[in-house]
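As structure tokens, the structure follows; a few thoughts come after it.
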Amino acid sequence: MRPELRSVPGAAPRGVVFGDPHVTPDGTTVITVSRTRRRRSGGDRVSAIGVYTVRDGQAVWSPAVDADRIALIGVATGFVAATLATLAVLRQPPWPAMTGTITAIRDR
């Protein structure tokens, strides 16, 4: 590990794991960051948080994007909207009410 990376102050939050630094041919250092969580079944779940990129003494944080979570939020939002619209239509339909009384006209 490079000496300047050993002297980074502060402690990582619980469950956050930093990967081994990888130095690219152009001198950029890439450090992966992930989060581990314990499962009830006893195993660990690891999910990516992002990447630190160090170049010329400047560190840049790039967060990871979880496309599955974004898609799930979109589907859930559509489901909730469809459910609310269905309940609104069932309570008060958009067509006119056709209920009423039928009276018979009798000849005298």
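What you see is a predicted model; the values in this text were computed from it and never measured.
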Roughly how far apart are Thr53 OG1 and His22 NE2, rounded to 0.5 Å? 11.0 Å
Are Tyr52 and Val16 linked, directly or through intermediate hydrophobic residues, by side-chain heavy-atom contacts shorter than 4.5 Å (ILVMFWY only)? yes
Any donor-acceptor N or O pair under 3.5 Å, side chains Arg35, Ser47: no
Passing candidate, side-chain contact (heavy atoms from CB on, under 4.5 Å) with Pro21, options Val54, Thr29, Val30: Thr29
Transitively linked via ILVMFWY side-chain contacts under 4.5 Å: Leu87 with Val80? no
When rounded to the nearest 0.5 angstrom, what is the spacing between CG in Leu72 and CG in Asp68? 8.5 Å
Ignoring hydrogens and angles, tell me if any N or O in the side chain of Asp56 forms a donor-acceptor pair with the backbone of Gln58 under 3.5 Å. no
Run Asp26 and Arg55 through side chain to side chain contact (heavy atoms under 4.5 Å, CB included) and show every step you take. CA-CA 9 Å; Asp26 67 347; Arg55 174 185 278 175; 2.6 Å; yes
Member of Val89, Thr83, Leu90 meeting the side-chain contact (heavy atoms from CB on, under 4.5 Å) criterion with Thr86: Leu90
Are Arg38 and Asp44 ion-paired here, with the side-chain N under 4.0 Å from a carboxylate O? yes
Roughly how far apart are Thr32 OG1 and Ile49 CD1, rounded to 0.5 Å? 10.0 Å
